[in-house]
Amino acid sequence: LTGIEKPNEVDEDEDLRNLLEKIRGKAAEMIGMVEKAELAKEENPAFPMIAFVSPPRDYEDFTTGKTIKCEDVDLVSRLMYMQVMHKTYAGTGTICTGTAARVPGTVVNEMLSTRGEENDVINIGHPAGTIDIDVNLDTEPELNLEKAAIGRTARRIMEGYAYIPCDVW
């Protein structure tokens with residue numbers, strides 16, 4: 001995997017999805033979420049999530065076709081959720097990936113750009129663009145996550161009126 005796959009490239013590859021699920025199942029077993037790895041899909045299909053990461057590189061936003069430039073991201077990642085690739089990047093995954101990027105010796109930390117190491121904010125490249133996370137992790141004398149903050153967007157989905165009879169009040 002390169003870390004810049006588009007959702008359909010993973011979702012349509014049954015062998016790859018099965019391999020990723022096998023890895024996720026083993027992780028679930030190792031951390032005690034399930035008794036046997038083979039039961040993970042049935043007993044806990046959502047967690048743990050699995051992500052694959054790579055160093056910054058150019059890639060194409062699968063929704064717009066726009067090129068996301070390597071200099072605009074600190075690492076790229078793809079997140080699996082419920083056995084398919086997440087089309088963007090889930091907030092829970094963002095917190096976990098951003099935090100892992102600050103932990104020395106993790107795979108995610110090894111993929112982080114120099115800019116990401118030096119700045120408070122890490123920019124994660126995902127299939128439909130980027131997401132920023134502000135992470136402050138103290139590593140001495142032990143790991144202490146002091147801050148992991150992401151911005152979210154919201155849009156109005158409805159505007160209307162409800163007419164309630166006076167006798168209800």
Side-chain angles (χ1 to χ4, degrees), residues 1-11 16-17 19-21 23-28 30-33 40-41 44-139 142-157:
L1 296 170
T2 63
I4 60 170
E5 287 77 10
K6 295 177 182 175
N8 67 311
E9 294 173 338
V10 173
D11 295 348
L16 176 56
R17 284 187 300 110
L19 175 61
L20 292 170
E21 179 56 26
I23 294 167
R24 192 190 74 81
K26 186 62 178 174
M30 291 174 73
I31 62 174
M33 292 184 83
K41 187 174 180 180
N44 202 339
F47 300 104
M49 290 181 181
I50 189 167
F52 42 102
V53 296
S54 68
R57 57 181 57 175
D58 291 354
Y59 67 95
E60 184 178 292
D61 176 330
F62 89 101
T63 62
T64 65
K66 174 186 169 195
T67 298
I68 307 297
K69 303 298 270 172
C70 67
E71 56 266 16
D72 294 331
V73 296
D74 298 309
L75 61 94
V76 293
S77 184
R78 301 300 185 256
L79 184 67
M80 298 298 291
Y81 181 70
M82 300 288 289
Q83 295 70 52
V84 296
M85 185 187 287
H86 200 287
K87 304 307 183 256
T88 57
Y89 215 77
T92 50
T94 303
I95 298 295
C96 294
T97 304
T99 301
R102 294 285 187 233
V103 178
T106 64
V107 172
V108 183
N109 177 260
E110 292 174 6
M111 299 299 113
L112 191 61
S113 70
T114 303
R115 182 185 73 172
E117 292 173 359
E118 295 169 353
N119 293 331
D120 291 338
V121 175
I122 296 171
N123 195 340
I124 301 171
H126 63 73
T130 63
I131 187 166
D132 294 339
I133 177 164
D134 186 353
V135 183
N136 186 355
L137 180 74
D138 188 6
T139 58
E142 59 188 19
L143 295 179
N144 180 33
L145 180 60
E146 296 176 351
K147 179 181 182 180
I150 58 174
R152 301 300 281 175
T153 58
R155 64 180 172 88
R156 183 179 301 183
I157 60 171

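Residues Y81 and A46 approach most closely at CE1-CB, 3.6 Å, considering heavy atoms. Counting all heavy atoms, side chain and backbone alike, G25 lies closest to A40 at CA-CB, 3.6 Å. When all heavy atoms are compared, the tightest approach of G93 to L79 is CA-CD2, 4.1 Å.
Counted by atom type alone, D74 and N123 present zero donor-acceptor pairs between their side chains at under 3.5 Å. Between the side chains of T2 and Y59, no donor N or O sits under 3.5 Å from an acceptor N or O.
Checking side-chain atoms of N119 against main-chain N and O of V121 turns up no donor-acceptor pair under 3.5 Å. A donor-acceptor pair under 3.5 Å is formed between the side chain of Q83 and the backbone N or O of P45. The main-chain N or O of V103 is found under 3.5 Å from a side-chain atom of T106 such that the two form a donor-acceptor pair.
Atom OG1 of T97 is separated from atom OH of Y89 by 2.5 Å, given to the nearest 0.5 angstrom. Interatomic distance, CD of E118 versus OG of S113, reported as 8.5 Å (0.5 Å rounding). Here the CD atom belonging to E110 is positioned 13.0 Å from the OG atom belonging to S54, to the nearest 0.5 angstrom. The line from CG of L75 to CD1 of I124 is 5.5 Å long, rounded to the nearest 0.5 Å. Note: D58 CG to I4 CD1 = 8.0 Å, rounded to the nearest 0.5 Å. With rounding to the nearest 0.5 Å, the separation of CD1 in I23 from CD1 in I50 is 5.0 Å.
With respect to D11 and R17, no salt bridge is recorded, no charged nitrogen being found less than 4.0 Å from a carboxylate O. Between K6 and E60, at least one side-chain nitrogen of the basic residue sits less than 4.0 Å from a carboxylate oxygen of the acidic one, meeting the salt-bridge criterion.
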**Request:** Could you walk me through whether L1 and R78 pass the side-chain contact (heavy atoms from CB on, under 4.5 Å) test, one step at a time?
**Result:** CA-CA 10 Å; L1 296 170; R78 301 300 185 256; over 6 Å; no

**Request:** Just do the side-chain contact (heavy atoms from CB on, under 4.5 Å) check on L145 and V135 with the steps written out, would you?
**Result:** CA-CA 8 Å; L145 180 60; V135 183; 4.1 Å; yes

**Prompt:** Can you check side-chain contact (heavy atoms from CB on, under 4.5 Å) on V76 and V53, steps first, answer last?
**Reply:** CA-CA 6 Å; V76 293; V53 296; over 6 Å; no

**Asked** Is there a side-chain contact (heavy atoms from CB on, under 4.5 Å) between I95 and I150 once you walk through the steps?
**Response** CA-CA 8 Å; I95 298 295; I150 58 174; 4.1 Å; yes

**Message:** Is there a salt bridge (Lys or Arg N to Asp or Glu O under 4.0 Å) between E71 and R115? Walk through the geometry before answering.
**Reply:** CA-CA 9 Å; E71 56 266 16; R115 182 185 73 172; over 6 Å; no

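No side-chain heavy atom of I131 sits less than 4.5 Å from a side-chain heavy atom of T88. Proximity of D134 to K147: side-chain heavy atoms (C-beta onward) are separated by under 4.5 Å at one or more points. Residues K87 and P7 form a side-chain contact, since some pair of their non-hydrogen atoms from C-beta on lies under 4.5 Å apart.
Shown are N136, L112, I133, N109; of these, the side-chain contact (heavy atoms from CB on, under 4.5 Å) with R102 is made only by L112. Screening E5, E9, H126 against M85 for a side-chain contact (heavy atoms from CB on, under 4.5 Å) leaves a single residue, E5.
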